[in-house]
Amino acid sequence: MITRTPLGGLVLTGALITHLGLALWRLALRRSLRMPLSQAVQTALGLLIPLQLLRHITHTTVAHQNFAVNDTYPYVIVLMWNAPAVWWQSALLLVVWVHGCMGLHFWLRLTDWWRNALPYMIGLAVFIPSFALAGLLTEGRRIYDIFVEGTERAALMASYNWPSQDSFASLQLVETRLVQIFVFLLFLTAMIYGLRKLLRRRRSVRITYRNGPIVVAEKGMTLLEMSRANAIPHTALCGGKGRCTTCRVVIEDGADTLPPPSDAEARSLAAVRAPQNMRLACQIHPNAPLSVCRLFRPDGQKGRAHASQGEERQLAILFLDMRGFTARTSGQLPYDVVFLLNRFFDAIVPCILNNGGTVDKYLGDGLLAVFEAPDAVKSAQAGLHAVTDIGRAVADFNETLLSEGEAPVRIGMGLHLGEVVIGEIGSSGNAPRTIIGDTVNAASRLEAQTKELGVELLVSAQALLAAGYDTQKLGLRDFQLRGVSAPLAALPVRQTMELPEILDVPGH
């Protein structure tokens with residue numbers, strides 16, 4: 001119904017020719033074969049697809065058109081089942097699927113909705129080819145057993161119009177010719193690439209990188225391509241499409257030799273409030289000497305640029321503070337103060353770590369923790385489990401203190417969920433990974449508000465909603481927090497151990 005209709009045949013043939021033509025054309029026009037590993041893998045897979053398809057096309061479309069073979073699914077399975085072809089065709093399925101998934105990911109990875117949908121898309125990406133191969137295995141065993149058994153073989157061969165030996169020899173010759181054409185096209189692509197490279201060597205431009213090398217590169221390349229061609233680390237998360245702006249450079253000398261930014265580049269630069277002497281390396285084609293400074297640069301440490309540029313994620317943030325610490329420790333020896341704090345943190349920090357959280361920083365008698373998880377749902381759930389465990393741990397800790405004749409400690413916690421920026425912040429070589437953003441400020445304000453309310457915990461509505469709770473049934477209150485523009489709804493919890501009962505969660 002699809003492959004044998006004129007429209008279906010046109011679409012499939014056109015897709016194959018377009019795919020192969022564009023792949024070879026892009027290779028022939030490349031300034032350099034240096035590329036990121038992910039792009040190299042995608043390119044290699046893109047070339048393997050047509051090569052692997054040639055045998056399939058020969059024994060289906062060509063066999064049908066030239067020898068009237070009824071190339072149904074059972075025929076194809078019987079033909080290749082007891083031969084290496086079944087492995088080649090299974091590999092073809094996986095290559096096409098992985099190649100397509102990579103293309104979709106590189107295209108959409110900068111959008112918010114794709115990041116949110118990514119866990120589900122990964123599931124589809126795994127299950128669909130798994131089901132396809134499972135179907136091949138199941139049907140292959142069934143139809144091949146019938147064929148080998150023999151009683152229905154003649155009828156099956158007649159229904160398929162099974163090719164003769166001469167027909168198979170003709171098909172093999174067609175397959176060989178198609179492979180030869182493919183190899184010739186690859187050779188032609190290599191010849192075009194080599195010829196253009198020889199011609200371009202007559203024209204070159206000098207690029208000086210601040211705190212980096214001085215290179216001579218071919219005119220006509222983008223600055224990003226020049227960096228990659230000369231093995232100079234240069235961040236470009238979107239692959240050089242002018243969307244992410246991580247390839248930004250400051251033009252220190254030679255800016256007047258560059259044409260003005262295109263509309264697309266101007267929009268990207270305006271979005272990050274770039275100064276006049278800042279350009280996108282993936283969009284400029286230097287034709288005169290330039291001196292540049294990469295905004296995101298590894299400084300000799302592999303991967304620093306990617307870690308430094310920051311990543312925006314939706315995560316749960318916890319601020320925790322010990323109440324009355326200053327009054328409690330007034331007049332105590334420094335050793336006693338440090339001993340109390342360490343015992344306190346020894347009691348509560350495992351509750352954070354055991355639920356997948358990390359302590360971002362210690363703040364004297366408090367801490368800031370973040371719950372990194374694949375999605376906001378798991379992050380919020382981990383945060384709620386952690387604060388419940390902390391409430392129980394503090395109760396046990398206070399029992400120990402009372403048995404020692406010490407006064408119990410009181411805590412205040414603020415748990416919030418929202419967008420945060422995670423990255424290495426600091427000077428090169430001394431840049432710890434940390435989090436910043438309005439969400440962090442809001443969580444801090446919630447923690448401070450617990451002192452005025454006399455409660456242990458304030459959980460924002462965002463964290464509760466992300467964890468799957470119906471906030472309409474809970475006693476949320478609106479808080480106008482300092483430094484937070486809009487009122488923030490949150491659930492006050494007098495004692496954190498009561499949180500599961502308040503949320504109507506049986507056990508923990």
Side-chain angles (χ1 to χ4, degrees), residues 26-40 43 106 192-310 424 427-429:
R26 287 185 62 185
L27 277 178
L29 295 186
R30 285 190 67 90
R31 303 281 178 169
S32 169
L33 293 180
R34 288 183 181 271
M35 63 186 78
L37 178 60
S38 58
Q39 188 177 353
T43 301
F106 293 148
I192 295 174
Y193 172 82
L195 181 61
R196 294 181 73 250
K197 193 171 185 69
L198 287 175
L199 293 175
R200 287 196 305 268
R201 281 185 177 177
R202 299 180 180 181
R203 303 182 305 150
S204 60
V205 62
R206 184 184 181 91
I207 306 296
T208 302
Y209 295 85
R210 187 207 284 183
N211 299 325
I214 299 175
V215 302
V216 177
E218 301 167 1
K219 290 183 180 179
M221 302 171 71
T222 66
L223 180 59
L224 179 62
E225 290 173 334
M226 292 178 178
S227 296
R228 289 175 172 173
N230 289 277
I232 297 173
H234 206 140
T235 307
L237 282 186
C238 69
K241 298 178 177 63
R243 298 200 305 251
C244 68
T245 75
T246 54
C247 67
R248 279 173 279 167
V249 292
V250 175
I251 310 298
E252 297 181 329
D253 187 25
D256 55 333
T257 65
L258 295 172
S262 63
D263 292 340
E265 183 185 3
R267 285 194 300 269
S268 296
L269 291 171
V272 294
R273 301 178 183 177
Q276 291 296 321
N277 64 339
M278 185 171 287
R279 299 293 297 272
L280 299 184
C282 67
Q283 300 298 307
I284 58 176
H285 296 76
N287 288 313
L290 286 183
S291 292
V292 301
C293 174
R294 291 158 287 165
L295 188 62
F296 299 116
R297 187 168 56 85
D299 288 326
Q301 299 176 14
K302 184 177 180 181
R304 168 166 164 80
H306 290 274
S308 301
Q309 74 218 343
E424 291 181 2
S427 62
S428 176

Treating [X] as the side-chain partner and [Y] as the backbone partner, does any N or O pair qualify as donor plus acceptor under 3.5 Å?
X	Y	value
Gln283	Pro261	no
Arg294	Pro233	yes
Ser268	Gly242	yes

At what distance, to the nearest 0.5 angstrom, does [atom1] of [X] lie from [atom2] of [Y]?
X	Y	atom1	atom2	value
Ile192	Arg30	CD1	CZ	15.5 Å
Leu269	Leu280	CG	CG	4.5 Å
Leu224	Cys282	CG	SG	6.5 Å
Arg279	Leu290	CZ	CG	10.0 Å
Cys247	His234	SG	NE2	5.5 Å
Thr222	Arg228	OG1	CZ	8.0 Å

Exercise for the section: Let me see the working for Thr208 and Glu252 under side-chain contact (heavy atoms from CB on, under 4.5 Å), right down to the final yes or no. Expected result: CA-CA 10 Å; Thr208 302; Glu252 297 181 329; over 6 Å; no
Problem - Criterion side chain to side chain contact (heavy atoms under 4.5 Å, CB included) against Pro286, the qualifying member of Leu223, Val292, Ile251 - result: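 Only one option passes, and that is Leu223.
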Practice task
Could you please spell out the steps behind the side-chain contact (heavy atoms from CB on, under 4.5 Å) verdict for Val250 and Arg210?
Solution key: CA-CA 10 Å; Val250 175; Arg210 187 207 284 183; 5.7 Å; no
Handout entry: Audit row: Tyr209, Val249, side-chain contact (heavy atoms from CB on, under 4.5 Å) steps and yes/no
Key = CA-CA 10 Å; Tyr209 295 85; Val249 292; over 6 Å; no
Practice task
Under the side-chain contact (heavy atoms from CB on, under 4.5 Å) rule, what do Val215 and Met226 come out as? Steps first, then yes or no, please.
Solution key: CA-CA 8 Å; Val215 302; Met226 292 178 178; 5.6 Å; no
